[in-house]
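What follows is a short report on a single structure.
Just so it is clear: chains get the letters A, B, ... in the order the sequence lines come, proteins before strands, and each one is counted from 1.
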There are 2 protein chains.
Amino acid sequence: MSVTEIREHFPTFEKELIDDIEAKSEIRSFTAGEQLMRTGQYFKSTMLIVEGLVKVYREDDQGNEFFMYYLQPGQACALSMVCAVKQETSQIMAKAVKDTEVISIPLAYMDEWMGKYKSWYHFVLETYRARFEELLVTIDHIAFRAMDERLEFYLKKHVQTLGSKIIPISHQEIADELNSSREVISRLLKKMEQLGKVKLQRNSIEVIHLS
Amino acid sequence: MSVTEIREHFPTFEKELIDDIEAKSEIRSFTAGEQLMRTGQYFKSTMLIVEGLVKVYREDDQGNEFFMYYLQPGQACALSMVCAVKQETSQIMAKAVKDTEVISIPLAYMDEWMGKYKSWYHFVLETYRARFEELLVTIDHIAFRAMDERLEFYLKKHVQTLGSKIIPISHQEIADELNSSREVISRLLKKMEQLGKVKLQRNSIEVIHLS
DNA sequence: GGAAGAATGTGACAAAAGTCATAGACCAGG
DNA sequence: CCTGGTCTATGACTTTTGTCACATTCTTCC
């Protein structure tokens, strides 16, 4: 991990912090599809995303998984931070969508740097704020919106994050992530296709225009 | 606000921090029913609950409100912290259920103390962690559970928090907070009464036994 | 006590979402 | 090129939830 690479994705970090990160953290790589963390796992470190793309899910006791948000380079998992500090287990699951590289920072430094580097302190708080807000938006959608709206929002978010109008995903996967059923998603997608909003292919959805 | 009173509700705080709080913060009182914060409001301070009880809601653009969690003495509003630091507005609403007293800490100190007092730093992180977890539980319920389970959970939480088996609330209010409709809540409650789980009175529900 | 207003009960119906069954389309490996 | 597996399409049906209409009961206040 080069200094330039860290600086590129975390531009607010001060020089000394970047040096510290370079000296004391460890790089970990995950291939697409691999899990970064599992439900019930203990954290001994916090992870900053440098390369790739990570999907974060909430899992319930029956094994249902529910998509919460993406993590991109320059971001960090709030839960890994908070659980790390408190030495508690998580109830979330994170999965690499693309091949992913993370900076793994041991708990001890994460703590120490909070007092030492203002930029680190602000980064951590901003991470909480951003994830917190994302959870609130998620709650808005499942509490206040019907499935058709939620589906559109889901597609919009994916287009935005993937940077491509074509989302490579099956109806079943969407149904799982929205905690619905495949038939419902298929029907809604078909309706959207008739309205010219999407074009459906096998294992992928091309988004034409969303409201 | 006396030193003893602060220490009682925030036992982890070190002596110097309590002195600092006493010297630099301000006490604010709210009567039952009053709003502590509104959607769109800017924060210039963060609030620690000393006395009373506060309900925190999420509001959407159409004015629907959705109950998220309670705040009790010894707790703080994570959003007020995070928004305070970033000088952003909130999308949440907080309402005093009982007459409530809060310690209002100006933004500047909140920041300064993070580096200065380990106990403050841990308190802030723990606040985030706790609220974050509560949001996750909330998401679990609206994503994975049907209305009957959600209603039971809602009642259970209220009994727990109020410390009383009798919840003084109307069916309409519950419906609003769960984003449902009165008839649905009435029907489910009636069913629960037939099962001997609750006893219904006008404007109050006595919880007998929940699974 | 009577009237107005709030809270609750209830039946009928509509809409949304989930389930079931079945069939066709597409793809990869032999 | 055929075969088994995955993905998608679709109609029929059930369940859950939301909506509407209206009745009833309780409370407060004059």
For atom NZ of K190(A) and atom P of dA25(C), their distance in whole Å: 12 Å
side-chain N/O S180(B) vs dT17(D) OP1/OP2, d < 4.0 Å: no
K199(B), NZ atom: more than 12 neighbouring heavy atoms under 6.0 Å: no
Sidechain-backbone polar pair: E65(A) side chain, Y57(A) backbone, donor-acceptor under 3.5 Å: no
Distance in angstrom units between K199(A) NZ and dT8(D) P, rounded: 17 Å
Nearest-Å distance for atom pair NZ/P, residues K191(B) and dG9(C): 14 Å
Nucleotide dG18(C), atom P - distance to CG of N179(A) in whole Å: 8 Å
Q72(B) versus T161(B), side-chain donor and acceptor atoms under 3.5 Å: no
If you restrict it to nitrogen or oxygen atoms, what contacts under 3.5 Å exist between nucleotides 3-7 of chain D and the protein, and what is each distance?
{"residue": "dT6(D)", "atom": "O2", "partner": "R202(A)", "partner atom": "NH2", "Å": "2.6"}
{"residue": "dC7(D)", "atom": "O4'", "partner": "R202(A)", "partner atom": "NH2", "Å": "3.3"}

Separation of dT19(D) C1' from I185(B) CD1 (nearest whole Å): 15 Å
Between C1' of dA14(C) and CD of E183(B), the distance in whole Å: 13 Å
Stepwise side chain to side chain contact (heavy atoms under 4.5 Å, CB included) check, Y69(B) with T138(B): CA-CA 8 Å; Y69(B) 48 73; T138(B) 299; 5.6 Å; no
From CA spacing to verdict: side chain to side chain contact (heavy atoms under 4.5 Å, CB included), K157(A), I167(A): CA-CA 10 Å; K157(A) 205 158 164 186; I167(A) 307 168; over 6 Å; no
Smallest separation among heavy atoms of D99(A) and A32(A), with atom names: OD1-N, 2.7 Å
Contact nearer the 5' end of DNA chain D, comparing R187(A) with E193(A): E193(A)
Atom pair distance, as rounded to whole Å: CD1 in I169(B) and C1' in dA6(C): 15 Å
Axis bend over the full length of the helix from dG1(C)-dC30(D) to dG30(C)-dC1(D), computed from five pairs that close each end, to 10 degrees: 30°
Candidates dT19(D), dG18(C), dT10(D) - which lies nearest the side chain of S181(B): dT19(D)
Within 6.0 angstrom of Y109(A) OH, more than 12 heavy atoms from elsewhere: no
Within residues 143-150 of chain B, residues whose heavy atoms come under 4.0 Å of DNA chain D: A146(B), M147(B)
Stepwise side chain to side chain contact (heavy atoms under 4.5 Å, CB included) test for E34(A) and T100(A): CA-CA 9 Å; E34(A) 206 175 341; T100(A) 295; over 6 Å; no
Atom pair distance, as rounded to whole Å: CG in L151(A) and C1' in dA16(C): 14 Å
Shortest non-hydrogen contact between K95(A) and G33(A), atoms and distance: CG-O, 3.5 Å
Sole residue of Q172(B), H171(B), K191(B) in side chain to side chain donor-acceptor pair (under 3.5 Å) with S186(B): H171(B)
Within 6.0 Å of OH in Y70(A), more than 12 heavy atoms from elsewhere: yes
